[in-house]
Structure formats: structure tokens, C-alpha cells
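Since the structure is predicted, the reported quantities are computational estimates derived from the model, not experimental observations. In what follows, chains carry the letters A, B, and so on, assigned in the order in which the sequence lines appear, proteins first and then strands, with residues in each chain numbered from 1.
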There are 2 protein chains.
Amino acid sequence: MVLAKTELFDNELQSCAELCKALAHPARLAILKFLSDAKMCITGDITEELPLSRTTVNQHLKELKDVGLIVGVTEGVKTNYCLNPKRVEELKNAIRVYLDMLDTTGCNCCK
Amino acid sequence: MVLAKTELFDNELQSCAELCKALAHPARLAILKFLSDAKMCITGDITEELPLSRTTVNQHLKELKDVGLIVGVTEGVKTNYCLNPKRVEELKNAIRVYLDMLDTTGCNCCK
DNA sequence: TTTTTATGACGTATATTTGCGTCATAAAAA
DNA sequence: TTTTTATGACGCAAATATACGTCATAAAAA
């Protein structure tokens, strides 16, 4: 890729794609699910849950933090992570809006 | 990455992540949307619609074909593409099921 | 039959993602 | 105060993704 052409697309498509990308790895899906259940926990709890090294999990956490889906609050040595409810709602909404646009009645050849 | 660790996760998370990955680029979102509107069209129609070279669009089409979201039927020189309604429904469902699992009431610190 | 058209296949370059080890640091515990 | 613990930052290697040009091919058109 000589230039990232991503920004040549419609803003809505761009942000929807960005959110989908955050969901495009099972580790990140597992992290979000885990945080949804746990409400709040420290990095170590998540690390133990996943079949990946602490370093790698940390990187996935960083990606989720970067798109705003989770929040990390440092408290002493530990960092408490939790979902960012507002942003998760935005995620749900953006994806739903997009998926709802897709018509599945099918074309003539697919009926 | 020495080894792809993707397969170490729950099957549902894996397939959901795979589908999200297909949606993780605005070009692919645009293609799916375009096909949903057009019902059926040839490669060239899609190429004209996107700010990318024919080669690149073709590659995105291939990716969408690989996950089964679209179908391409060759007819003479041309190839007709359309959505695969069943697979798109699967996509919608898998993602909805996952998103519905995410609780957005928030933890104590986020209320 | 020759030429044009529409595509897919292939190769290439760069960028990004994935995964991990190691080091630094700051708070807690001993 | 020293040591342990929990993390984040940094750097590295391999795998993928992104983007495109060029070539080959087969059907249509001239």
C-alpha cells in the first residue's frame, strides 16, 4: 500500500469499518465479552482468561482503548478495565444501521 | 506472529471475528451496500463506484467471495455479482447475537 | 479473423497486525 | 529498605492486508 485509501470513503462507512476492525479478532471479542460479564477487572484477570501472553493481551487492550470501547483506570499498581457503555452503544448502533441497510431478499439468481 | 493463535478461541468467537474482518474495510462495506442496492451487477460497475483500482477492488471482491457473502457468476466475458442472502443473514445474526451479549449498563465507575 | 473488452491470476512493494520477550517503573508487601 | 507484583513501553520477527501494475485469456464486436 503506497497510500492509505481508507479516507476516500464515506465517513459512516469509515467509522463503521473502524469499529468492525476492533471486533475482527477473537481475542478482542473475548475481552469485550469478559468485561461485559465481569463489569470491572484488572489486566491480570483478562490475561489469565486468554490463551495469549500478557504482552499480546495488553496490545489488544490498547487497541480496544484506542477506539474507545474500553476504559482503563489506574489504581496503584493495578489498572482497572471496564467497558465504555456509551461507546459500546455507538458500536451496536453503527453496525446495526449498516446491517439493516443490507437487503437479503436476493436477486433473481438467488431466489 | 510465530503461530496464528486464532484457533485457540471459542468457535463462535472465531467465526464472528472472521465475519467482522470481512466488514473491517470501507471498500468492502461499500461493495456490500452497492450490491444490496443494485441486486446484481458486473465487476466493472463496482469498480467505477469505488475510488480504487480495478485490481484492488477485485481483491476485495475475492475476500467477500471467500467468506461467502457474495456470489460471482460468470456469463461470457462478464461476471455477475450479487449478495448471498443466506450468508448475509448469517452475518447479521452472528453479529447481533454477539452484540446482544454485551451489557451496557456499565460498572460502578461508569455510571 | 483481428481487435476490443471484461476479468482473473500473478507478482511486488509497503503498511499493518499479531505475538512475544525484555526492560523500566511505581506501588505494595515483607 | 529491599523485594515482589502489576503494568506499560519498546523493539523485533513473522504473517497479513492493502494497493496496484502487468499479463493471460476467453468471449464479443468489428
Side-chain angles (χ1 to χ4, degrees), chain A residues 1-9 13-14 17-31 35 38 40-67 69-82, chain B residues 1-9 13-14 17-31 35 38 40-67 69-82:
Chain A
M1 181 190 351
V2 184
L3 284 169
K5 299 264 174 159
T6 286
E7 70 281 350
L8 295 178
F9 293 86
L13 291 187
Q14 271 183 58
E18 194 191 15
L19 289 167
C20 286
K21 189 180 260 182
L23 302 183
H25 194 289
R28 291 193 290 274
L29 293 181
I31 290 170
L35 281 178
M40 160 107 89
C41 65
I42 62 171
T43 312
D45 295 337
I46 304 172
T47 299
E48 278 174 28
E49 200 67 13
L50 303 186
L52 296 170
S53 79
R54 190 186 60 79
T55 316
T56 304
V57 173
N58 221 343
Q59 204 152 355
H60 286 301
L61 285 172
K62 187 179 179 311
E63 278 174 74
L64 291 171
K65 224 189 315 182
D66 286 346
V67 288
L69 289 171
I70 67 174
V71 180
V73 179
T74 301
E75 196 188 311
V77 194
K78 307 186 174 180
T79 302
N80 292 300
Y81 282 101
C82 58
Chain B
M1 177 189 355
V2 184
L3 283 169
K5 299 266 173 155
T6 286
E7 69 281 350
L8 294 178
F9 292 86
L13 291 186
Q14 271 183 59
E18 194 191 16
L19 289 166
C20 286
K21 190 180 258 182
L23 303 182
H25 194 288
R28 292 194 288 275
L29 293 181
I31 290 171
L35 281 178
M40 160 109 89
C41 65
I42 63 171
T43 312
D45 296 337
I46 304 172
T47 299
E48 278 174 28
E49 199 67 16
L50 303 187
L52 295 171
S53 80
R54 189 186 62 76
T55 317
T56 304
V57 173
N58 221 342
Q59 204 153 355
H60 285 302
L61 285 172
K62 188 178 178 313
E63 277 174 74
L64 290 171
K65 223 188 320 181
D66 287 346
V67 288
L69 289 171
I70 68 175
V71 179
V73 179
T74 302
E75 194 186 312
V77 194
K78 307 184 175 181
T79 303
N80 293 300
Y81 281 101
C82 58

Nucleotide nearest A:K5 when distance is taken to its side chain, options D:dA19, D:dG8, C:dG19: D:dA19
Atom pair distance, as rounded to whole Å: CD in B:E18 and P in C:dT18: 14 Å
Atom-to-atom span, CD of A:E63 to P of C:dT17 - whole angstrom: 7 Å
Heavy-atom pair with the smallest gap, counting every atom of B:T43 and B:Y81: OG1-CE1, 3.2 Å
Value in whole Å for how far the P atom of D:dA17 lies from CG of B:L61: 16 Å
Side-chain touch B:L50/B:T56, heavy atoms, less than 4.5 angstrom: no
From D:dG8, C:dG19, D:dC20, nucleotide with atom closest to A:L52 side chain: C:dG19
Summary of protein contacts for nucleotides 22-30 of chain D, nucleotide by nucleotide, where a base hit scores B, a sugar-phosphate-only hit scores S (4.0 Å, heavy atoms): B----BS--
Atom pair distance, as rounded to whole Å: CD1 in A:I42 and C1' in D:dG8: 14 Å
Nucleotide D:dT18, atom P - distance to CD of A:E7 in whole Å: 14 Å
Bracket notation of DNA chain C in which parentheses pair within the strand, [ ] cross earlier pairs, and | pairs with another strand (Watson-Crick or G-U, under 3.5 Å): ||||||||||||||||||||||||||||||
Reported CG-to-NZ distance for the pair A:L52 and B:K5, which is rounded to 0.5 angstrom: 6.5 Å
Nearest listed nucleotide, side chain of A:N58, among D:dT18, D:dA19, D:dG8: D:dG8
Selection from C:dT18, C:dG8, D:dT18 that lies nearest to any side-chain heavy atom of B:R28: D:dT18
From A:L23 atom CG to A:L69 atom CG, the distance as rounded to the nearest 0.5 Å: 7.0 Å
Distance, rounded to the nearest Å, where B:I31 contributes CD1 and D:dA19 contributes C1': 13 Å
Whether A:H60 and A:H25 hold their rings parallel, tilted or perpendicular, with breakpoints at 30° and 60°: tilted
Min side-chain heavy-atom separation B:I31-B:L61 under 4.5 Å: yes
Interatomic distance where CG belongs to A:L64 and C1' belongs to D:dG8 [whole Å]: 16 Å
Minimum-distance nucleotide (side-chain atoms of A:S53 versus D:dA19, C:dC20, D:dG8): C:dC20
5′-ward residue of the pair B:D45/A:A24 relative to DNA chain C: B:D45
B:R54 side chain to B:T47 backbone, donor-acceptor under 3.5 Å: no
A:K21 or A:K78, whichever maps to the more 5' nucleotide of DNA chain D: A:K78
side-chain N/O A:Y81 vs D:dA6 OP1/OP2, d < 4.0 Å: no
Nearest-Å distance for atom pair NE2/C1', residues A:H60 and C:dT18: 6 Å
Sugar-phosphate only, base, or nothing, as touched by B:Q59 at under 4.0 Å among non-hydrogen atoms: base
